[in-house]
Amino acid sequence: MAQRHTIRLALLSLFITTSAFIIFIYAVNSYDPNIIMPIIVLFIMGLFIGSLLPSILSTWVIILLTTIGSSFLVFGQMLLPLPSKLLLILVLPLVAGITIFNRSLLGTFSSKNVNRDQIERYIQHYNQATKLQGAYNAEKMYQKIVNFIQQDENLWVHVTAINWVHSQQFRQFHETEYQQTLSQIAKVLKNKRLPSESLYYLEKGTFLIVSYETTDDSFVRRNQITKNYLNEVNTSQITPQFQWGHLKVDAVNVGEFLTFDKAMKHVERMMETDLVVEYLKEVEQ
């Protein structure tokens, strides 16, 4: 609907502009035939500048030519009425400006703009640093899993969150290295998690792993392997630390965690507990 409205607006703008140009030239020819040729030349220059030059360059060219033309007409020995001088001064910037406006409308039909909605949806659903799906897809998948667990008591799922502690503080001063570190963490997860598991990135340094019907022993062993490799991730500034949170959803507790938000709140509490436990271990050592 919005695209159709833009098309109509662009066509209407082109029609009005063309009609206005024709009427303007006819009026100038009737008013003062002596300036009709300079007007036509300035028209062509305005169309060229507005149609072919980049926006920033065209702006500077318009300013420069208008300044030079104004100085020549005002301070030069041109025996023309004041209205004719004003027409000669204004015609180029007006034609170029209207042409630039029409070009911007027509630009909405380029392949880049036609696919803009698809590009925006892709960016919303995929993180560019990690190349992982985001919270929207994770929520949809979790809801689907919960529906199956409610129908079959033999099904279960492990939901694991891994948070890079203090990642946002690090990001404020080292944006490039922050993105590189996220990519390293994602690479570890892609290489060390099972093919049957789904990986997501929830923003602010938090990764999510959804493990389908993985046995408890296999799940614990896979987590330990992942922790070992994550400990090898480092930057030139710090060695990242991680909080872990986990929830197993099955037929027994599925009623408590019917929504993704409820599951994540539980996992977040587990991550907070994990941070406290790690702190106490350091104190004891």
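Here the structure is a predicted model, which means the values were calculated and not measured.
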Nearest 0.5 Å, what's the CG-CD1 distance between Leu57 and Ile62? 9.5 Å

For Asn234 versus Pro240, what's the shortest heavy-atom pair and its separation? CA-CD, 3.8 Å

In this structure, CD1 of Ile39 is separated from CD1 of Ile44 (nearest 0.5 Å) by 12.0 Å

Separation of Thr226 OG1 from Leu189 CG (nearest 0.5 Å): 6.5 Å

In terms of heavy-atom contacts, does NZ of Lys190 have more than 12 from other residues, nucleotides or ligands at under 6.0 Å? yes

Side-chain heavy atoms nearer than 4.5 Å, only ILVMFWY residues, links allowed to pass through others: does that put Met264 and Val165 together? no

Can you list the residues that meet the side-chain hydrogen bond (donor to acceptor under 3.5 Å, both in side chains) rule with Thr214, with sequence neighbours excluded? none

Tell me, with the steps shown, if Val146 and Gln150 meet side-chain contact (heavy atoms from CB on, under 4.5 Å). CA-CA 6 Å; Val146 166; Gln150 288 179 297; 4.0 Å; yes

For the backbone of Lys192 and the side chain of Arg222, can you confirm whether one donor and one acceptor N or O come within less than 3.5 Å of each other? yes

Do Thr206 and Asn163 have side-chain atoms, one donor and one acceptor, less than 3.5 Å apart? yes

Who are the side-chain hydrogen bond (donor to acceptor under 3.5 Å, both in side chains) partners of Asn228, not counting sequence neighbours? Gln224

Leu65 with Met37, same ILVMFWY side-chain cluster at under 4.5 Å: yes

Can a donor-acceptor pair be found, under 3.5 Å and without considering hydrogens, that links the side chain of Asn253 to the backbone of Lys248? yes

Can you name the closest pair of heavy atoms from Ala129 and Ser183 and give their distance? O-CB, 3.6 Å

Once rounded to the nearest 0.5 Å, what's the spacing between atom CD of Gln133 and atom CD of Glu139? 13.5 Å

Using the ring of each side chain (for Trp, its six-membered ring), is Trp164 parallel, tilted or perpendicular to Phe170, with breaks at 30° and 60°? tilted

Please tell me whether Phe257 and Tyr212 are part of a single hydrophobic cluster in this structure, the criterion being side-chain heavy atoms less than 4.5 Å apart. yes

Under the side-chain hydrogen bond (donor to acceptor under 3.5 Å, both in side chains) criterion, do Gln179 and Glu175 qualify, and how do the steps go? CA-CA 6 Å; Gln179 299 292 339; Glu175 174 66 28; 2.7 Å; yes

What do the steps show when you test Phe43 against Val91 for side-chain contact (heavy atoms from CB on, under 4.5 Å), and what is the final call? CA-CA 7 Å; Phe43 256 94; Val91 64; 3.6 Å; yes

Are the side chains of Val188 and Gln184 in contact, using a 4.5 Å heavy-atom criterion? no

What are the two closest non-hydrogen atoms of Ala138 and Leu202, and how far apart are they? CB-CD2, 4.3 Å

Given the rule that I, L, V, M, F, W and Y join up when any side-chain heavy atoms are under 4.5 Å apart, are Ile209 and Phe260 in one cluster? no

Would Val61 end up clustered with Leu52 when hydrophobic side chains under 4.5 Å apart are linked, directly or stepwise? yes

Under 4.5 Å between any side-chain heavy atoms of Ile185 and Leu230, yes or no? yes

Got a second to check how far Asn223's CG is from Trp244's CH2, nearest 0.5 Å? 4.5 Å

Does one side chain, of Gln168 or Tyr178, offer a donor that lies under 3.5 Å from an acceptor on the other? yes

Show the nearest heavy-atom pair for residues Thr99 and Gly50, with the distance to one decimal. CG2-C, 3.6 Å

Using the rule given for side-chain contact (heavy atoms from CB on, under 4.5 Å), can you reason through Asn191 versus Tyr229, listing the C-alpha separation, both sets of side-chain angles and the distance that settles it, and then say yes or no? CA-CA 10 Å; Asn191 292 336; Tyr229 278 91; over 6 Å; no

Taking it one step at a time, do Tyr200 and Asn137 satisfy side-chain contact (heavy atoms from CB on, under 4.5 Å)? CA-CA 8 Å; Tyr200 303 92; Asn137 300 82; 4.1 Å; yes

Is a donor on one side and an acceptor on the other found under 3.5 Å between the side chain of Glu213 and the backbone of His158? no

Within a radius of less than 6.0 Å around CD1 of Ile56, do more than 12 heavy atoms belonging to other residues, nucleotides or ligands occur? no

Contact check, side chains of Leu247 and Val267, non-hydrogen atoms, under 4.5 Å: yes

Can you give me the closest heavy-atom contact between Arg193 and Ser211, atom names plus distance? NH2-OG, 4.1 Å

Closest heavy-atom pair, Thr181 versus Val233, reported as atoms and distance to 0.1 Å, is CG2-CG1, 4.1 Å

Spacing of Phe219 atom CZ and Leu194 atom CG [to the nearest 0.5 Å]: 10.0 Å

